[in-house]
Protein chains: 2
Amino acid sequence: MRRNPKTPLWEQVLTDLRRRMSRGEFTSGFPTDRELMQRYKVSRHTAREAVRHLQTEGVLTRYKGRGSFVQPLSLEQRVGPLYSLFRSIEDQGHVQRSDVLELRSVRDREVAEQMGLAIATKFFFLRRLRRADGTPFAVDEIWLPEKIAAPLYEVNFEYTAVYTELERLTDARPVRGWERIRPALPSTEEQRLLGIGPRQPVFVVSRYTETHRGPLEWRTTVVRGDAYTFTTTWSNSKATSEFGVRPTKKRR
Amino acid sequence: MRRNPKTPLWEQVLTDLRRRMSRGEFTSGFPTDRELMQRYKVSRHTAREAVRHLQTEGVLTRYKGRGSFVQPLSLEQRVGPLYSLFRSIEDQGHVQRSDVLELRSVRDREVAEQMGLAIATKFFFLRRLRRADGTPFAVDEIWLPEKIAAPLYEVNFEYTAVYTELERLTDARPVRGWERIRPALPSTEEQRLLGIGPRQPVFVVSRYTETHRGPLEWRTTVVRGDAYTFTTTWSNSKATSEFGVRPTKKRR
DNA sequence: ACGTATTTGTTCGTATGTATT
DNA sequence: CAATACATACGAACAAATACG
């Protein structure tokens, strides 16, 4: 690490730590304050200033007496509407199960383009009807490059989550992504699967995830709009957003 | 402030600062580091540790050489889907204008109940068709307790934002609130106003805001779903959510 | 079960840099 | 230019929680 007189010392340390983290360098334990002081030849104060940022970002967790640990970024990403949707269902004690509608190898020009991959790319494709306590609440389609996801063909996805298996079978770690929500009307097949009428609007959530090795996932989830809402709450400028069960009282 | 040996010093300072802020004590300038040191008999480091938290929460902004200032919490709250919707329109250089459809004093049992107010409560009620460069994109209804919002009857709301006027005419400061999004189909009148068909789904955003003196606002906004989407993006676990113009490329 | 070493958290002191008034 | 105010950076010590022989 080369010292630059213009940018603060702690920031230079931070940038270097980020670089090393992105190489997966601290998977088995993050350096202690003392080690950082020695390695970067800075005071403890400066080292901690750098580390503080990783901490507030949630990338790093520190325990008094134990040490610092890189937060293994869940592929599910503890942010984003979909995560909160699936979690809120389990938080409320419901059992999630899925009907596997399709599971096969496909080529999809549009998906490949969206993910910036070659058109010939072969995808692991999984289409499921998701149920909470038996009641259907979403239709879920997911495309994963076969190069990464090939081992998943062996898994039974009625009970298992895709992310769990990905984490178990690959070393892919997410670095960024996004989800987009829009309102829509269900197709006839979606009506049948979800058990709703043609005029019952739904959420369509699109999701894209990228790892440090490249694009990982393209996903489209159609969620019953009569059963769920997306809520943002705040208190003194701190805000959290999540899907939740639709409140019974309706206005409009 | 009484010192307690169990909780950290900086936290005790922080709590006291919060208490004083909630009384509106620092509206004309926040204490300097030196003043904090003297007032609380702590080191500069400790004082800064307390202030740091206010800073990361966005409650306080500090300027090198100038001083620290309490961030006047905008009524609009720089969080939440609606804020991002209206802002994104202006960010893209479009001009926002509104047709005032209704502006009158009303009683509304359901709204009053939602806000926890007496049924007899009289509301300032405003209903507008919002346009971006002339094109309608949302129908907006807002209820405000007349006790607070009475002065607003004098304002022309074709060009002016409700929040701006509220901040100008009242001392109400928001402490918390929420927004809820659900998909819906437009009513016949909404179809006419927004210029969309009966099968064109919309977002319905409900918003509730509370000040330190009590409930302030109940709001329902119907947004064209063909023109806007709600997006959450993240990078290394930091996430931001906002409404934005609908991308042209559509899948499904 | 105990004591010691380790690691992070808190708190003090001090000095210098940089931007604003 | 001088004074002010926040930012950065060094050093030092003790507290609190944990890990380990």
Side-chain angles (χ1 to χ4, degrees), chain A residues 1-21 25-72 237, chain B residues 1-21 25-72 237:
Chain A
M1 196 194 72
R2 179 177 78 266
R3 298 210 178 195
N4 179 323
K6 258 315 182 190
T7 50
L9 242 184
W10 63 261
E11 201 175 326
Q12 299 177 46
V13 174
L14 176 59
T15 330
D16 192 62
L17 286 173
R18 276 198 221 281
R19 185 183 57 77
R20 293 171 68 190
M21 284 177 67
E25 214 172 299
F26 306 125
T27 44
S28 58
F30 196 81
T32 67
D33 286 2
R34 185 205 304 261
E35 285 167 342
L36 290 176
M37 290 168 70
Q38 289 166 356
R39 155 114 196 193
Y40 294 108
K41 302 269 186 284
V42 296
S43 74
R44 183 154 175 237
H45 192 74
T46 307
R48 287 175 63 86
E49 181 64 41
V51 164
R52 191 198 317 281
H53 289 261
L54 298 173
Q55 222 178 155
T56 53
E57 285 168 28
V59 182
L60 197 71
T61 319
R62 311 191 84 195
Y63 302 95
K64 207 186 282 188
R66 281 178 53 199
S68 308
F69 303 90
V70 186
Q71 207 58 25
S237 90
Chain B
M1 198 193 70
R2 179 175 75 266
R3 297 209 179 195
N4 178 324
K6 256 318 180 187
T7 52
L9 244 184
W10 63 261
E11 201 176 328
Q12 299 177 46
V13 174
L14 176 59
T15 334
D16 193 61
L17 286 174
R18 275 198 222 279
R19 185 183 57 77
R20 293 171 68 189
M21 285 176 65
E25 214 172 296
F26 306 124
T27 44
S28 57
F30 196 81
T32 67
D33 287 2
R34 184 202 303 264
E35 285 166 343
L36 290 175
M37 289 169 71
Q38 290 167 355
R39 156 112 195 195
Y40 294 108
K41 302 269 187 286
V42 297
S43 75
R44 177 137 183 253
H45 195 73
T46 307
R48 286 176 63 86
E49 181 63 41
V51 164
R52 189 197 321 277
H53 288 260
L54 298 173
Q55 223 179 153
T56 53
E57 285 168 29
V59 181
L60 196 71
T61 319
R62 299 176 51 113
Y63 301 95
K64 210 185 280 189
R66 281 175 53 198
S68 309
F69 303 91
V70 184
Q71 206 58 22
S237 91

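Chain letters run A, B, ... following the sequence lines, proteins first, then strands; residues in each count from 1.
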### Message
Starting the side chain at C-beta, find the nucleotide from D:dC10, D:dC6, C:dT11 nearest to A:S43.
### Response
D:dC10
### Message
Using a distance-only criterion (donor-acceptor N/O pair, under 3.5 Å, no hydrogens), is the base of D:dA9 paired with the side chain of A:R44?
### Response
no
### Task
To the nearest Å, give me how far apart CZ (A:R52) and P (D:dA7) are.
12 Å
### Query
Roughly how far, to the nearest 0.5 Å, is CZ of A:R52 from CD of A:E49?
4.5 Å
### Task
Using atom CD of A:E35 as one end and atom C1' of C:dT8 as the other, report the distance to the nearest whole Å.
13 Å
### Task
Measure from the ring center of A:H53 to the ring center of A:W10 and say whether it is less than 6.0 Å.
yes
### Message
Regarding A:Q55, tell me which of base, sugar-phosphate or nothing describes its non-hydrogen contacts under 4.0 Å with the strands shown.
### Response
sugar-phosphate
### Task
Return the value, rounded to whole Å, for the distance between atom OH of A:Y63 and atom P of C:dG9.
11 Å
### Task
Find the distance B:E11:CD to C:dT11:C1' and express it as a whole number of Å.
15 Å
### Message
With a cut-off of less than 4.0 Å, is there a side-chain N or O of A:S68 near OP1 or OP2 of C:dT8?
### Response
yes
### Task
Measure from the side-chain heavy atoms of A:R34 and tell me the nearest of C:dT7, C:dT11, D:dA5.
C:dT7
#### Entry: Whole angstrom value for the distance that separates P of C:dT8 from CZ of A:R48
8 Å
### Task
Calculate the interatomic distance between B:L36 atom CG and D:dA5 atom P; express it in whole Å.
12 Å
### Query
Is a side-chain donor or acceptor of A:E35 paired with a backbone partner of A:T32 at a separation under 3.5 angstrom?
yes
### Query
Taking only side-chain nitrogens and oxygens of B:T46, does any of them come within less than 4.0 Å of OP1 or OP2 of C:dT10?
no
### Message
Distance check, rounded to the nearest 0.5 Å: A:R18 atom CZ versus A:L14 atom CG?
### Response
4.0 Å
### d(NE2, B:H45; P, D:dT8) in whole Å
13 Å
### Query
Rounded to the Å, how far apart are A:K41 NZ and D:dG11 P?
12 Å
### Query
Does D:dA19 have OP1 or OP2 sitting under 4.0 Å from an N or O in the side chain of A:R66?
yes
### Query
Which nucleotide in the set D:dA9, D:dC6, C:dG9 lies at the smallest distance from any side-chain heavy atom of A:R62?
C:dG9
### Task
Could you say whether A:K64 or A:W10 is positioned toward the 5' end of DNA chain D, judged by the nucleotide with the nearest heavy atom to each?
A:W10
### Message
By nearest atom, which of the nucleotides C:dC12, D:dC6, C:dG9 is closest to the B:D33 side chain?
### Response
D:dC6
### Message
On a heavy-atom basis, which atom in B:F69 and which in B:F30 lie closest, and how many Å separate them?
### Response
N-CB, 4.3 Å
